[in-house]
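I have placed the structure first, in the form of structure tokens, so that the comments after it can refer back to it.
The shown structure was predicted, so the numbers you read here are calculated from the model rather than taken from an experiment.
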Amino acid sequence: MPIRITGMNSGLDTEAIIQELASARSIKVQSIEKAQTKLSWKIDAWKSLNAKIYDLYSDVLSDMRLEGAYAKKTTKASDASVVDIITGTGATNGVQTLRVEKLAKSGYLTGAKIADYTDAEGNKVSPKSTTTLKDLGLTQKPNADGTPGTFGFKLKIGDETSNLTFSEESTIDDVVKALKEKGLNATFDEKNGRFFISSATSGAAGDFELTAKEGTRSELALKGLGLYVNPSDKLNEAGADNVATKIDGQNAVIYLNGAKFESNTNTFEINGLTYTVKQETGDEEITVTTEADTSGIYDMIKNFLKKYNELINEMDKLYNADSAKKYEPLTDDEKEAMSEKEIEKWEQKIKDSLLRRDSTLSTVSSAMKLVMSQGVEMEDGKTLHLSEFGIETMDYFLSKDNEKNAYHIDGDPDDPETKSKGDKLKTAIANDPDKVVEFFSKLSKNLYDTLHEKMEATDYSSMYSVYNDKQMKEELKDYESKISDAQEKLNDYLDKMYDKFSAMEVALAKMQSKSDSLMNLFG
């Protein structure tokens, strides 16, 4: 903006005069900017509400309109400490017997404690990861060709056998790495001076065996490392005579209804049920009962009503919001005279009222309420309503307008207004679940289809949008050009006024100069 110096000859505050003359045009610019801000806020309000409508449509209603979503079952064991059970959709109702003969185990070797050794200075040293086999006194004669001799171990994992070769310069860490490379879990605990080795998977197929040829220096090395297992005494105490303790890997074995099942893990998937056994039962049997999950169906319906109530309450609140006619977005100058809290309160008042008496909002909410209230035509030709399942709106005792269209379940323990009433819905689920499923799947489908129709794409709105988002976006862009045009006209007017006042100052300056000359002549 150019620097203008005015009023030097006239003594007038021409800056203030010009700004006052241009105030009407300035107000017009501000008015358009405020309208743009309000539209931007309205778009944000619709985006937030539309996301919640779409969430109900795509999540809850999308599932509940399908009768298969209600095919919930639950399975309980007579002794929960024995087994955990997950019920799949293919599970059949009934009572079964279960006996757990064996649990799956991983092969596990706890090495014997490796003895301390004497170093070159005669000090007693505990074995560490960097300790070599030679340090432990495990040496090997050179080969006939002069190359260093080696120790050979045989490792069998399941049905596969491989060889491990080490020299006297190999370290304990080299042994650990070699075992890991073969697929075992292996560590060396320096504090206890022992190897700990386990199979990567449970079951007999993952079990392992580490041996060396009997009577050789390789067998001595295996013992010196605490990895020797006495095949004739698996229960020998770890560390006794350099003998390791080994627990063999085994498969889990269960008997379900007398039929034998075996697995390398403790999990079995049988006829729609997933069993995870946790405890052997010996010769004892427990019972496993699968039945319809009435609680699951009830919770599903309750969750649907909760989501619907939250949405319809918010829509009613937005539609019935207090008027904010006297409030407009603040200019920068207006904000400077207010605190942050005052600004926030002022703007929130406007934002809360943006969808007040909005025709689109009214159309959508009315359509949803109609679906919920008009009932469902059943296969037998009868029309049933939510009230027949103990579900009604609470108009007769609620005073808040934005809660009058919410539905409550009689006997709901979480609802203080209805928890003392009879649980009509639970009774219906228990006595005639097919009827309940048919009603709520059709009700959900009707509401799903209604929202789908409202969210179809048009020339003014995008797919899955209940409001005219395309139109609003264009209107927002139009405000940019309107603001630009109005600002340009304001600037032109200001330039014109400044030019006029500048010309006046020049004329006054000339007049003053002539006056001074005359005064000098008559001096």
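- Of the possible polar contacts, one joining the T216 side chain to the K213 backbone as a donor-acceptor pair under 3.5 Å is found.
- In this structure, the side chain of S170 engages the main chain of S167 through a donor-acceptor pair within 3.5 Å.
- Between Y54 and Y464, the distance separating the two ring centers is shorter than 6.0 angstrom.
- Residue pairs meeting the side chain to side chain donor-acceptor pair (under 3.5 Å) criterion with at least one partner in residues 422-437, sequence neighbours excluded, are absent.
- A centroid separation of less than 6.0 Å is found between the aromatic rings of F166 and F153.
- Classified by interplanar angle (parallel below 30°, tilted 30° to 60°, perpendicular above 60°), the ring pair Y57/Y448 is parallel.
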Item to check | Verdict with reasoning, S462 to D469, per side-chain hydrogen bond (donor to acceptor under 3.5 Å, both in side chains) | outcome: CA-CA 7 Å; S462 306; D469 60 317; 2.6 Å; yes
Checklist entry - For M315 and V364, what are the C-alpha separation, side-chain angles and deciding distance, and is it a side chain to side chain contact (heavy atoms under 4.5 Å, CB included)? => result CA-CA 9 Å; M315 294 172 81; V364 176; 3.7 Å; yes
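- The minimum heavy-atom distance linking K102 with N251 is given by the pair CB-O, 3.8 Å.
- Proximity of a side-chain donor or acceptor of Y70 to a complementary backbone N or O of M64 within less than 3.5 Å is detected.
- The closest side-chain donor-acceptor pair between T458 and S461 falls under 3.5 angstrom.
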Next on the checklist: Let's go through N257 and Q96 carefully: what are the C-alpha distance in whole Å and the side-chain angles of both, what is the deciding distance for side-chain hydrogen bond (donor to acceptor under 3.5 Å, both in side chains) to 0.1 Å, and is it a yes or a no?
Outcome noted: CA-CA 6 Å; N257 303 322; Q96 305 181 75; 3.0 Å; yes
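- Closest approach of Y275 to L256, counting heavy atoms only: OH-CD2, 3.6 Å.
- Atoms CG and OG1, from D79 and T281 in turn, are 9.0 Å apart once rounded to the nearest 0.5 Å.
- Side chain of T147 to main chain of N143: no donor-acceptor pair is present (N/O by atom type, distance under 3.5 Å, no hydrogens or angles).
- The six-membered or imidazole ring of F440 lies near that of F389, with a centre-to-centre distance under 6.0 Å.
- R99 contributes atom CZ, which lies 10.0 Å from atom CD of E284 (distance to the nearest 0.5 angstrom).
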Item to check | Stepwise side chain to side chain contact (heavy atoms under 4.5 Å, CB included) check, T97 with V288 | outcome: CA-CA 6 Å; T97 60; V288 175; over 6 Å; no
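- With values rounded to the nearest 0.5 angstrom, K72 atom NZ is found 9.0 Å from D299 atom CG.
- Within the 3.5 Å criterion, the main-chain N or O of G249 finds a donor-acceptor partner in the side chain of D207.
- Interatomic distance, CD of Q140 versus CG of L220, reported as 9.5 Å (0.5 Å rounding).
- Here the closest non-hydrogen pair linking Y407 and L305 is CB-CD2, 4.1 Å.
- No more than 12 heavy atoms of other residues, nucleotides or ligands shown are found within 6.0 angstrom of NZ on K105.
- Under a cutoff of 6.0 Å and an axis angle of 45°, K42 and Y467 do not form a cation-pi pair.
- Salt-bridge annotation for K156 and E160: absent, with no side-chain N of the basic residue lying under 4.0 Å from a carboxylate O of the acidic one.
- Side-chain contact annotation: T87 with T75, donor-acceptor N/O pair under 3.5 Å present.
- Residues P127 and I172 share a closest heavy-atom pair of CB-CD1, 4.0 Å.
- Looking at T171, its side chain never comes within 3.5 Å of a backbone N or O of T132 through a donor-acceptor pair.
- D352 places no side-chain N or O within donor-acceptor distance of the main-chain N or O of K317, the cut-off being under 3.5 Å.
- Nearest heavy-atom pair, A212 versus G152, reported as atom, atom and distance to 0.1 Å: CB-O, 3.9 Å.
- Within the model, atoms CG of L109 and OH of Y228 stand 12.5 Å from one another, a figure rounded to the nearest 0.5 Å.
- Between the side chain of Q348 and the backbone N or O of E344, no donor-acceptor pair lies under 3.5 Å.
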Item to check | Test log, rule side-chain hydrogen bond (donor to acceptor under 3.5 Å, both in side chains), inputs N93 and K73 | outcome: CA-CA 8 Å; N93 292 352; K73 297 178 183 291; 2.9 Å; yes
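- Within the structure, side chain to side chain donor-acceptor pair (under 3.5 Å) contacts touching residues 178-188 (residues at least two apart or in different chains) are N185-S198.
- If you take NZ on K47 and CE on M472, they are separated by 11.0 Å, rounding to the nearest 0.5 Å.
- Looking only at distances, a side-chain donor or acceptor of E190 sits under 3.5 Å from a matching main-chain atom of S129.
- Contact annotation: the side chain of W46 approaches that of V466 to within less than 4.5 Å [non-hydrogen atoms, C-beta and beyond].
- Under a 3.5 Å cut-off, the side chain of D189 and the backbone N or O of G193 do not form any donor-acceptor pair.
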Checklist entry - Are M368 and L56 close enough, and set up right, to give a side chain to side chain contact (heavy atoms under 4.5 Å, CB included), and what steps lead you there? => result CA-CA 12 Å; M368 293 174 64; L56 178 71; 4.1 Å; yes
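- For K369, the NZ atom sits in a packed shell: over 12 heavy atoms of surrounding residues, nucleotides or ligands are nearer than 6.0 Å.
- Summarising the geometry of I114 relative to F195, their closest heavy-atom pair is CD1-CE1, 3.9 Å, with the distance given to 0.1 Å.
- A side-chain N or O of N405 and one of D316 form a donor-acceptor pair less than 3.5 Å apart.
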